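All values derive from a computational prediction rather than experimental measurement. Numbers here simply count residues along the sequence, with the first being 1.
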Amino acid sequence: ELLGSVLEGGAFALRRVALDSGSEERLSLQGMNWKPRWRPDGAGIVFRTMRKGDYDTYWLDLVAGGAAQPVLESPSDETPIAWTPDGKNLLAEISQADGSYPLLLHPLDGGKDRIVVDQPFDPDEAAVSPDGNWLAFASSHSGTKETYAQPLDGKGAAQRVSRRGGASPSWSTDGRWIYYVAGKKILRVAVRATGPRLDVGEEETIAEGNFVAISPAFAGTEQERFLVALGPPVEPPVELRVIMGFQREIEVKMAQEHR
């Protein structure tokens, strides 16, 4: 199944789509809702919601049913970004008074929250490796959006993985590759952990097209299939012809007609 946010009647709503049949269902939720993130076991989702003037993160159990419940709720803005593979921790952006948006690791068992990525990175996209040890994230702190990686436990510095741009990072299911989008291409690099750093291979182009994002749920399956977000259609360039001496040509033709 696929969950997405759509604009309906002036408000953002979440829709659930069955990929095999194409049938759709709008989830019955209060307020405006965006950015759904499936829990790894598929039992439910967390999502960003606006119900009282700021962004909070709520949980909806799609198996047991019932009303959505708050997971992160405060005067700050909280946006869910990714789960750890065991479903026990949630990564979320938390707004700060200085305008920054550090990435927070929130244990769902009541443990203490921990900032994983702070300034100057302010990541807006992230994915945890299948073994739960590494974090790949995208950041524009250098002036260009690039993909970085670092140990999830915070015991190593972030290192740049992409070469010339890298958005929407995702991991292969075996953890051997990091995928990202750059220049309307899906690219990948081979990675191998050596202590607190990754050995990173050369970039390889997987596909070319009008791509803007990759869904982490599909990246790097055995068939290397991807669910991607496409940008708007690229319009052909407008052809502009400049005719020199046009007025003189008109005058000559008019003179010929009056002879």
Side-chain angles (χ1 to χ4, degrees), residues 4-5 34-35 37 48 55 77-82 91-105 115-129 133-152 154-172 175-194 196-220 224 226-237:
S5 178
W34 307 259
K35 294 186 177 293
R37 298 289 185 263
R48 183 174 74 180
Y55 295 141
D77 289 333
E78 300 98 1
T79 299
I81 301 297
L91 287 160
E93 281 184 347
I94 309 294
S95 66
Q96 304 295 305
D98 62 3
S100 64
Y101 285 82
L103 193 63
L104 187 82
L105 184 73
I115 291 178
V116 179
V117 184
D118 203 347
Q119 292 182 308
F121 292 101
D122 282 354
D124 52 10
E125 301 164 329
V128 181
S129 63
N133 293 330
W134 293 86
L135 177 72
F137 63 90
S139 171
S140 301
H141 90 284
S142 67
T144 302
K145 182 167 283 192
E146 301 284 357
T147 288
Y148 299 80
Q150 70 174 54
L152 187 59
K155 296 179 180 178
Q159 63 183 105
R160 198 168 106 179
V161 170
S162 57
R163 305 293 195 272
R164 293 173 295 277
S168 188
S170 296
W171 294 83
S172 62
R176 296 173 54 210
W177 304 89
I178 295 177
Y179 300 88
Y180 46 87
V181 175
K184 297 184 178 179
K185 297 178 181 179
I186 298 176
L187 303 170
R188 72 176 187 179
V189 289
V191 292
R192 184 172 61 89
T194 55
R197 293 188 62 79
L198 291 176
D199 285 339
V200 181
E202 294 297 319
E203 280 186 338
E204 300 179 18
T205 299
I206 299 301
E208 297 189 38
N210 195 20
F211 307 127
V212 294
I214 311 170
S215 169
F218 284 75
E224 216 166 38
F226 300 88
L227 183 66
V228 299
L230 298 176
V234 179
E235 299 292 335

Could you state the interatomic distance from OH (Tyr101) to OG1 (Thr79), rounded to the nearest 0.5 Å? 7.5 Å
Looking at Leu135, Leu91, Val128, Ile115, which hits side-chain contact (heavy atoms from CB on, under 4.5 Å) with Leu105? Leu91
Pairing residues for Ser140 by the side chain to side chain contact (heavy atoms under 4.5 Å, CB included) criterion, not counting sequence neighbours: Lys145
Give a yes or no answer on whether the side chain of Asp118 reaches the backbone of Pro102 with a donor-acceptor pair at less than 3.5 Å. no
Which atom names give the shortest non-hydrogen contact between Ala182 and Gly165, and what distance separates them? CB-O, 3.1 Å
Side chains of Arg163 and Leu187, heavy atoms from C-beta outward: is any pair under 4.5 Å? no
For a 4.5 angstrom cut-off between non-hydrogen side-chain atoms, does Thr147 reach Val189? no
Main-chain N/O of Ala127 paired with Trp171 side-chain donor or acceptor, under 3.5 Å: yes
For Ala193, give me all partners under side chain to side chain contact (heavy atoms under 4.5 Å, CB included), at least two apart in sequence or on another chain. Trp134, Leu198
Could you tell me whether the side chain of Tyr180 reaches within less than 4.5 Å of the side chain of Val161, counting heavy atoms only? yes
Determine yes or no for a side-chain-to-main-chain donor-acceptor pair under 3.5 angstrom, with Gln150 supplying the side chain and Val116 the backbone. yes
Once rounded to the nearest 0.5 Å, what's the spacing between atom CD of Glu93 and atom CG of Leu104? 11.0 Å
Hey, does the side chain of Gln159 reach the backbone of Ala157 with a donor-acceptor pair shorter than 3.5 angstrom? no
I need the minimum non-hydrogen distance between Glu125 and Ser168, along with the two atoms involved. OE1-N, 2.7 Å
For Arg160, the side chain to side chain contact (heavy atoms under 4.5 Å, CB included) test, sequence neighbours excluded, returns Glu146, Tyr148, Ser162
